[in-house]
Protein chains: 2
Amino acid sequence: MQKIHWTPQRRAVYEVVKSAHDHPTASMIIDRLHARGHRFAYATVYNSLRYLAEAGVIRELRLGEGASRYDARNEEHQHIVCERCGTIEEVFEPVPAAWQKTVEANTGFVVTETQVVLHGVCPACRGEALRAHTPEAH
Amino acid sequence: MQKIHWTPQRRAVYEVVKSAHDHPTASMIIDRLHARGHRFAYATVYNSLRYLAEAGVIRELRLGEGASRYDARNEEHQHIVCERCGTIEEVFEPVPAAWQKTVEANTGFVVTETQVVLHGVCPACRGEALRAHTPEAH
DNA sequence: TTTCTTGCAAAACATTTGCAAATCG
DNA sequence: CGATTTGCAAATGTTTTGCAAGAAA
């Protein structure tokens with residue numbers, strides 16, 4: 001973890017990501033910067049995001065659809081995406097270290113990062129599906 | 001697993017993906033189709049890839065850099081990417097079912113798919129790093 | 001002063017879309 | 001015939017680049 005060279009732009013970008021709860025994309029971040037009265041260039045926001053991600057302060061997530069999303073949580077965690085409504089939830093159960101060890105042994109790699117993206121159906125969407133099948137549904 | 005409506009284009013795209021060993025991107029696939037004498041429109045290749053992925057015949061991988069990659073292996077497996085040279089290797093050790101169960105219990109989701117992307121350093125790159133530190137290196 | 005960072009517009013990609021023509025069932 | 005698929009070019013969306021001007025070390 002190297003020393004971070006903070007600039008006003010990087011700090012503002014970081015504040016937006018940190019205060020967000022919804023894993024915003026770059027363009028969502030730009031909108032929120034505008035809402036807060038900042039008007040940085042696209043390039044600056046992307047540069048800041050890249051810089052902060054490389055510095056390890058934020059994480060870039062490619063969750064499978066369109067734009068990258070950004071996350072400022074620093075505990076190790078994974079993500080699960082609802083395939084119906086798109087909600088993204090955090091998963092704090094750590095991936096078993098033994099599994100990772102086995103992978104290292106089998107592949108010869110030294111693992112530096114594990115990114116897991118689970119897909120599934122969230123409780124709310126399952127609820128709707130159930131309700132749609134009951135007589136009192138409509 | 002529904003019935004697949006094969007067209008010459010879809011078959012040709014599938015053949016390319018299946019015979020590739022390197023998880024090609026859409027544009028690599030287009031190049032290889034050209035090399036085989038086919039000249040399908042971009043849109044057709046993308047349509048075919050999407051169709052085949054939705055049909056479950058191939059898998060779309062978003063491994064973190066640029067374009068999606070495609071994989072025709074049908075056994076459950078994961079991927080590990082070397083952060084030095086970019087090589088992608090397959091990981092056949094299955095993610096522990098118990099972990100997935102715990103995630104379902106904790107999040108309330110029903111999990112339908114688990115995609116793991118590990119990053120690390122491959123044996124070859126580690127070898128080079130070692131060699132660079134020994135006296136007889138140059 | 002030397003290096004890094006910003007801002008802007010343009011470029012580079014990756015992927016999708018609209019629509020007419022061709023093909024399939 | 002009716003539905004699906006193809007091909008093309010243009011549009012869209014995301015991210016990067018080139019470069020001049022500005023700020024920081």
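Here is the naming used below: chain letters follow the sequence lines, and residue numbers restart at 1 for every chain.
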Could you work out which one of [options] sits closest to the side chain of [X]?
X: B:Arg50; options: D:dT5, C:dT16, D:dC8; value: C:dT16
X: A:Ala41; options: C:dG7, D:dT14, D:dC8; value: C:dG7
X: B:Asn47; options: C:dT17, C:dG7, D:dT14; value: C:dT17

Should we count CD of A:Glu75 as having more than 12 external heavy atoms under 6.0 Å? yes
Rounded to whole Å, please give me the gap between [atom1] in [X] and [atom2] in [N].
X: B:Tyr51; N: C:dT16; atom1: OH; atom2: P; answer: 17 Å
X: B:Lys3; N: D:dT4; atom1: NZ; atom2: P; answer: 14 Å
X: A:Glu54; N: C:dC4; atom1: CD; atom2: C1'; answer: 15 Å
X: A:Asp31; N: D:dG13; atom1: CG; atom2: C1'; answer: 14 Å
X: A:Phe40; N: D:dA23; atom1: CZ; atom2: P; answer: 14 Å
X: A:Leu61; N: D:dT14; atom1: CG; atom2: P; answer: 16 Å
X: B:Ile29; N: C:dA14; atom1: CD1; atom2: C1'; answer: 13 Å
X: B:Arg62; N: D:dT14; atom1: CZ; atom2: P; answer: 11 Å

Separation between CH2 (B:Trp99) and CD (A:Gln78), nearest 0.5 Å, reads 6.0 Å
Ignoring backbone atoms, establish whether [X] has a side-chain N or O less than 4.0 Å from OP1 or OP2 of [N].
X: B:Gln9; N: D:dG7; result: yes
X: B:His5; N: D:dA3; result: no
X: A:Thr25; N: D:dT14; result: no
X: A:Tyr46; N: D:dT15; result: yes
X: A:Ser68; N: D:dT15; result: yes
X: A:Arg10; N: C:dT5; result: yes

For DNA chain D, whose closest nucleotide is more 5', that of A:Ala26 or that of B:Arg39? B:Arg39
Classify A:Tyr42 by what it touches in the nucleic acid, base, sugar-phosphate, or nothing, heavy-atom distance under 4.0 Å. base
If you look at every strand shown and take non-hydrogen atoms under 4.0 Å, does B:Thr44 touch a base, only sugar-phosphate, or nothing? base
Backbone N/O of B:Arg50 and side chain of B:Glu60: donor-acceptor pair under 3.5 Å: no
Walking DNA chain C from its 5' end, the first of B:Ala43 and B:Trp6 to be reached, judged by nearest nucleotide, is B:Ala43
Assigning hydrophobic clusters by single linkage (Ile, Leu, Val, Met, Phe, Trp, Tyr; side-chain heavy-atom cutoff under 4.5 Å), is A:Ile58 placed with A:Ile88? no
Out of curiosity, does B:Val117 fall in the hydrophobic cluster containing A:Val116 (side-chain heavy atoms, cut-off under 4.5 Å, transitive links)? no
Output yes when B:Arg32 and B:Asp22 qualify as a salt bridge under the 4.0 Å nitrogen-oxygen rule, no when they do not. yes
